[in-house]
Every structure is written in structure tokens, then in C-alpha cells.
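Residue numbers start from 1 in every chain, and the chains themselves are labelled A, B, ... in the order their sequence lines are given, proteins ahead of strands.
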There are 2 protein chains.
Amino acid sequence: MSQTDMGRAGAMAEAMISIETRLRDCGLRPTRQRIALADLLFAKGDRHLTVEELHEEAIEADVPVSLATVYNTLHQFTEAGLIRVLAVEGARTYFDTNTSDHHHFFVEGRNEVLDIPVNNIAIGNLPEAPDGMEIAHVDVVIRLREKKG
Amino acid sequence: MSQTDMGRAGAMAEAMISIETRLRDCGLRPTRQRIALADLLFAKGDRHLTVEELHEEAIEADVPVSLATVYNTLHQFTEAGLIRVLAVEGARTYFDTNTSDHHHFFVEGRNEVLDIPVNNIAIGNLPEAPDGMEIAHVDVVIRLREKKG
DNA sequence: CTTTATGCAAAGTCTTTGCAATACG
DNA sequence: CGTATTGCAAAGACTTTGCATAAAG
């Protein structure tokens, strides 16, 4: 690995803890399918994928896995806090490998999600959560449309 | 009408322009169903409803209307800019009668949407839209969970 | 009258579930 | 070996569509 790759130290450090161990720590048996899906999810940095997209990637990577298993696995990963669901309008559910507070562009008409460079947005005056509730997450989605003319 | 009702001057002013006219201005024929649905949507101030909820309200209000028509109508209203789609995770699509930039609480596990009192949130440092794109809308969804203990 | 809207039922998506076969520890 | 997981196909939820009937202008 070249020195210039050290910018990804965070990702590398995560990789140090093997996927198997991470899964086991969540109480999930490290099966072939779960390992493969986790590899696809976490190997390439932050991603936001639909079930269908991840399923296709798995098939292309010669990891036979059923669609139902991808659904199950993504929900298990979500419960385990490894990924989170992305709140975007529309039919599809996106899963995001970045579980920290960050935000997204959503391109209308194209159903495409883009990351907003981190920390670009400052949110002030967050309201209090109602009684008995606490804030789990703040989602900012900036909906984009194609400029006419 | 009592004087104390004047606090709803905004809503009243909107009501001055009859629903029929508003619909016609959008190129929508003011049919019995569309008028009734618009009445339900706009008579009570800002609302966020699912198709199913609006359908039930219509039935309860003795306005026989089919579910398909509610779907069609809400999408027509959305295209016309009378309402907008609310970007919240999950199976259901919410339609919001408030088309201006404002934000929402979403109660996890209960699929409940609450308005955040207007102007409570300040967003700074909005990123530039990518080339050829413009910002259509900024959505902030604050996801709430029940506090434990 | 002509055009547009409605309602129904059928078809389409996306997602979940039940259960036998399989893999993990 | 016993238990958890997978895959399949069937079922389920939500939404859209096609077409005959009805309503609006």
C-alpha cells in the first residue's frame, strides 16, 4: 500500500477488525452471505444502496444470495447499528453505510442519492424533542431538480 | 364566525379563493371528488396525510371516492404544487399541505409525523447544487425515539 | 356533444414470511 | 449434532393502470 493511501486510515482501521469479528460482536453468525454482503457494503467507503442494487452486486461478484436474504441481512445490519436507513421519499429504501450524522442530495426523477461533503451544513436551533422522546438522528435531504434552460 | 377565529386569517384568505377556482387555475376540473378532497386537505390548516388516511376521511365525510382516485388526485395536486410529498423513510408516502420549507419530527416505530414549529431550525452553509442542478427543496427530518429509563 | 375524470378490478412493485434444506459452531 | 440461516415461492402491502361508465363544460 502506498503512503498516499493512509488518508483512508479510518477505513483501514475498521478493516483491521475482521468482518467476521464485527458480525460476531453483533450476535450475527458470520455466514458466507453475511460476510460477502458486509464486504460489498464496507469495502468501498460510504455507500447508499437499495436492496436490489446490493443483490445485483453480490450476484456479479459470484456470491449467490437470494433477494430475501439481502433484505433480511440489511435489516439485521440496521438493527445492529452497522448501517442505517436513509430517509428519502419514494418507493425504495436506501441503506447507508455511514451511520453518523451527515446529509444527502436526492436527484428528483432519477432516484439518485449523492453524498453532501461532510460538515458542509450547519444546523442551528434544533428544537427540543417532545417529552419522553429523544433525537435519534437528524436527516437533511436536499432535493435537486434539473435546471431548465 | 367569532372574532377569535381571525387568527386563522391566512387560511381564511386562502378560502376566499374558492377551491373550485384554485383547481381550475391548475387546469384541474373541479369535480365533486377533487373538491371534497381539497376541502379535507386545506380546511384544517397544515396536514400530512397518507393516501389511506385521506381516503378514510372522505368516506367518513360521506364522500364516496375510490382509493385509486385519491391516489390520482394527490399526485395531480402535487404536480400542481398545491401539496408536496414528504420525504420520510418507510413504506408510506405522506402528502403535506404545507409546500413551503419547513421540517418534521418522525417518531420511529410509530410511523408518526409531527410538525416542527416553524422557523425553529436554522440551516447554514448549504452546499452548492452540482452543475445543471438546482435545489428544489430542503427537507429536515428529525427522527425521534422513545427515551429509555 | 366532446373531453376529462371516476371506479373497479387487475396488474405491478417492493417487501415480508413460512418452511424445508443447509451451513455454522 | 443442535441451532441459526438460507432460499424459494407464496403472500402481503402499497401503488399504478386499463377500460368502461359517468360527469363536466
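Closest approach of A/L37 and A/A58 over heavy atoms only: CD2-CB, 4.1 Å.
For A/L67, whose side chain is taken as the heavy atoms from C-beta onward, the closest listed nucleotide among C/dT15, C/dC24, C/dT16 is C/dT15. The A/T69 side chain lies nearest to D/dT6 when the options are C/dG7, C/dT4, D/dT6. Minimum atom distance to the side chain of B/T31 is reached by D/dA24, of the listed D/dA24, D/dT5, C/dC8. The side chain of B/R29 lies closest to D/dA24, out of D/dA24, C/dT17, C/dC24. Comparing atom distances between the B/A68 side chain and each of D/dT17, D/dT6, D/dC8 picks out D/dT17 as nearest. You'll find that the side chain of A/V65 is closest to D/dG7, out of D/dG7, D/dT5, C/dG25. Counting only heavy atoms from C-beta on, B/Q33 has its side chain closest to C/dG7 among C/dG7, D/dA9, D/dT15. The nucleotide whose nearest atom lies closest to any side-chain atom of B/Y71 is, among D/dT6, D/dC14, D/dT5, D/dC14.
Rounded to whole Å, the distance from CG on A/L23 to P on C/dA23 is 19 Å. Straight-line distance from the CZ atom of B/R34 to the C1' atom of C/dG7: 14 Å, rounded to whole Å. Taking atom CG of residue B/L28 and atom P of nucleotide C/dT3, one finds them 19 Å apart after rounding to whole Å. Taking atom CD of residue A/E53 and atom P of nucleotide C/dT13, one finds them 17 Å apart after rounding to whole Å. Rounded to whole angstrom, the span from the NE2 atom of A/H55 across to the P atom of C/dC14 amounts to 14 Å. Taking atom CD1 of B/I35 as the reference point, atom P of D/dG25 lies 9 Å away to the nearest angstrom. Regarding A/L37, its CG atom lies at a distance of 12 Å from the C1' atom of D/dT6, rounded to whole Å. Atom CG in A/L74 sits about 15 Å away from atom P in C/dC14, given to the nearest Å.
Both B/P30 and B/N72 lie close to DNA chain D; mapped to their nearest nucleotides by heavy-atom distance, the more 5′-ward contact belongs to B/N72.
The shortest distance between the side-chain N/O atoms of B/R32 and the OP1/OP2 oxygens of D/dA22 is not below 4.0 Å. The side chain of A/T93 contributes no N or O atom lying less than 4.0 Å from OP1 or OP2 of C/dC14. B/H75 has a side-chain polar atom (N or O) that falls below the 4.0 Å cut-off from OP1 or OP2 of D/dT16.
Ring geometry for B/H104 against B/H102 counts as perpendicular: the plane angle is over 60°, on a 0 to 90° scale with 30° as the lower cut.
Under 4.0 Å is where a charged nitrogen must lie from a carboxylate oxygen, and between A/R47 and A/E57 at least one such pair does.
Two rings, from B/H55 and B/Y71, have their centers 6.0 Å or more apart. Residues B/H137 and A/F106 keep their aromatic ring centres 6.0 Å or farther apart.
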